[in-house]
Amino acid sequence: MNNTEHPSMIQIHLSIRVLLTVLPCFFFLYVNSIMLFALVKKPLFLESPRYILFGHLLFSDFLQVLLSTLLYIFALTMVRIITCVCIIVIQLAAITVKMSPINLAVMSLERFVAICFPLRHATIATSKATRVAIAVMWTVASLDSFAQLFLFFSLHNRSLTTQQVCKKKSVFHLQVYVVLNQVFTVVNFVLVTIIIIYTYVATMIAVKYSSSCAHRAKVAHKTVILHVLQLCLYLISALFNMINSSDLFNFDPAVALYVQHMLFLGLIIFPKFLSPLIYGLKDQTFRHVFKYYFTFGYKSSVEPYPKS
């Protein structure tokens with residue numbers, strides 16, 4: 001009797017854990033999708049480099065949460081998928097993890113140009129230059145993945161069509177992958193931190209000595225401060241990947257699952273949900289549009305295109 005009850009209890013606990021993981025992720029993806037939809041529906045947002053970069057940040061966060069949730073569920077349920085598909089999902093998730101802080105650095109540089117070089121902002125921060133910057137961001141964020149793939153195909157001789165449990169430790173199991181990922185992550189965050197701190201100090205000086213458009217300069221200065229807060233939140237998310245790739249969870253498997261579940265929700269989902277929400281709702285124009293679509297136009301006092 002105990003032999004039949006034990007597997008059933010394990011299945012129930014597994015189903016509950018998957019449900020508790022999927023529900024907050026779905027809510028985040030829903031809010032994120034509404035914010036992206038609000039950006040696309042208003043032509044003014046698509047012409048501004050600031051909102052284009054914000055939309056790209058939302059898109060990369062959307063991909064990261066979606067792929068991270070899939071990988072977490074794959075590992076939790078021990079489902080077996082084709083190796084090549086697993087590698088693609090793992091590396092795309094790794095790229096999006098590094099993408100968000102880089103995106104924040106570019107957003108800070110855009111605000112830096114707007115404050116310190118207001119007369120040249122329209123010629124420097126163009127839509128074309130923004131799209132080029134996005135392409136460069138994807139290239140830089142992919143360097144780690146390209147290096148890992150090069151090592152993978154050089155050091156391993158395995159079939160890409162075989163099925164296996166999709167875990168990063170199972171596919172990229174050598175210590176060199178862990179070290180390489182940690183080095184790229186640390187270098188990435190150090191460079192991004194230097195850029196954001198520099199833009200923060202420069203905008204603080206510009207605001208202090210600015211005599212014209214003082215209100216606009218102070219608003220942009222507060223935006224850079226918000227970028228610092230966002231960077232801290234993304235650093236928290238990066239900690240989960242570094243902790244999860246280490247040997248800290250080599251104790252009781254049952255306890256490790258609960259710890260990983262709490263860390264996944266607290267260090268991945270919550271920061272990714274909070275960061276764009278704070279940034280988006282801070283902007284009055286975007287807040288009006290977001291509220292309209294989030295409530296399906298239920299509140300008649302909120303218009304999708306507020307009067308300027």
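Since the model is a prediction, treat every value here as computed from it, not as a measurement. In what follows, every heavy atom counts, from backbone to side chain, and hydrogens, waters and symmetry copies are set aside.
- The disulfide bond (SG atoms under 2.5 Å apart) pairs that include a residue from residues 62-137 are Cys86-Cys166, where partners are two or more places apart or lie in different chains.
- Thr83 places a side-chain N or O within donor-acceptor distance of the main-chain N or O of Thr162, the cut-off being under 3.5 Å.
- Residues Val179 and Leu143 are members of separate hydrophobic clusters, defined by side-chain heavy-atom contacts under 4.5 angstrom among Ile, Leu, Val, Met, Phe, Trp and Tyr.
- In this structure, the separation between CG on Leu39 and CD1 on Ile52 is 10.0 Å, given to the nearest 0.5 Å.
- Here the side chains of Asp61 and Phe28 are in contact, with some heavy-atom distance below 4.5 Å.
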Open item on the list: For a side-chain contact (heavy atoms from CB on, under 4.5 Å) check, start with the C-alpha distance between Val165 and Val79, then their side-chain angles and the critical distance, and finish with the verdict.
Closed with: CA-CA 6 Å; Val165 177; Val79 64; over 6 Å; no
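- With contacts defined as side-chain heavy-atom distances shorter than 4.5 Å, the pair Met107/Leu57 qualifies.
- When all heavy atoms are compared, the tightest approach of Ala93 to Leu67 is N-CD1, 3.6 Å.
- At least one side-chain heavy atom of Ile87 sits under 4.5 Å from a side-chain heavy atom of Phe172.
- By the 4.5 Å heavy-atom criterion applied to side chains, Met35 and Phe54 are counted as neighbours.
- Ile115 CD1 to His121 NE2: the interatomic distance, rounded to the nearest 0.5 Å, is 9.5 Å.
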TODO: Give the C-alpha distance, both sets of side-chain angles, the deciding distance and a yes or no for side-chain hydrogen bond (donor to acceptor under 3.5 Å, both in side chains) between Ser60 and Asn103.
DONE: CA-CA 9 Å; Ser60 62; Asn103 202 125; 4.9 Å; no
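- With sequence neighbours left out, Tyr51 forms a ring-ring contact (aromatic ring centres under 6.0 Å, His included) with Phe45.
- The ring-ring contact (aromatic ring centres under 6.0 Å, His included) check on Phe146 picks up nothing, with sequence neighbours excluded.
- Ser145 OG to Phe150 CZ: the interatomic distance, rounded to the nearest 0.5 Å, is 15.0 Å.
- For the atom pair Arg131 CZ and Thr126 OG1, the distance stands at 9.0 Å (nearest 0.5 Å).
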Name the atoms and distances for all side-chain donor-acceptor pairs under 3.5 Å in residues 188-198, with sequence neighbours left out.
unit_1, atom_1, unit_2, atom_2, d
Asn188, ND2, Lys98, O, 3.4
Thr193, OG1, Phe189, O, 2.6

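- Annotation: disulfide bond (SG atoms under 2.5 Å apart) contacts involving residues 40-77, sequence neighbours excluded, are absent.
- For Thr96 (side chain) and Leu92 (main-chain N/O), a donor-acceptor pair under 3.5 Å exists by modelled atom type.
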TODO: Dump the intermediate steps for side-chain contact (heavy atoms from CB on, under 4.5 Å) on Phe112 and Tyr200, then the final yes or no.
DONE: CA-CA 8 Å; Phe112 164 75; Tyr200 171 76; over 6 Å; no
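- Between Ile95 atom CD1 and Ser100 atom OG the span is 12.5 Å, to the nearest 0.5 Å.
- Interatomic distance, Leu104 CG to Met99 CE, rounded to the nearest 0.5 Å: 12.0 Å.
- Leu63 and Val40 end up in different hydrophobic clusters when Ile, Leu, Val, Met, Phe, Trp and Tyr side chains are linked at under 4.5 Å.
- Leu149 is listed as a side-chain neighbour of Gln91, based on a closest heavy-atom distance under 4.5 Å.
- Put simply, Ile90 and Leu155 are part of the same group of oily side chains (I, L, V, M, F, W, Y) that touch within less than 4.5 Å, one to the next.
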Below 3.5 Å, can you tabulate the donor-acceptor pairs from side chains in residues 132-140 to any protein atom, sequence neighbours excluded?
unit_1, atom_1, unit_2, atom_2, d
Trp138, NE1, His56, NE2, 2.8
Thr139, OG1, Ala135, O, 3.0

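- Val176 and Phe153 end up in the same hydrophobic cluster when Ile, Leu, Val, Met, Phe, Trp and Tyr side chains are linked at under 4.5 Å.
- Considering every non-hydrogen atom in both Ala147 and Leu180, the closest pair reads CB-CD2, 3.7 Å.
- Taking the side chain as every heavy atom from C-beta outward, Val178 and His173 never approach each other to under 4.5 Å.
- When side chains are defined from C-beta on, Asn181 counts as touching Gln148, because their heavy atoms get closer than 4.5 Å.
- Checked by atom type and distance alone, the side chain of Asn32 never pairs as donor or acceptor with a backbone atom of Phe59 at under 3.5 Å.
- Under a hydrophobic clustering in which Ile, Leu, Val, Met, Phe, Trp and Tyr are joined whenever their side-chain heavy atoms come within less than 4.5 Å, directly or via other members, Val187 and Leu151 fall into different clusters.
- Between Thr199 and Arg111 the shortest side-chain heavy-atom distance does not fall below 4.5 Å.
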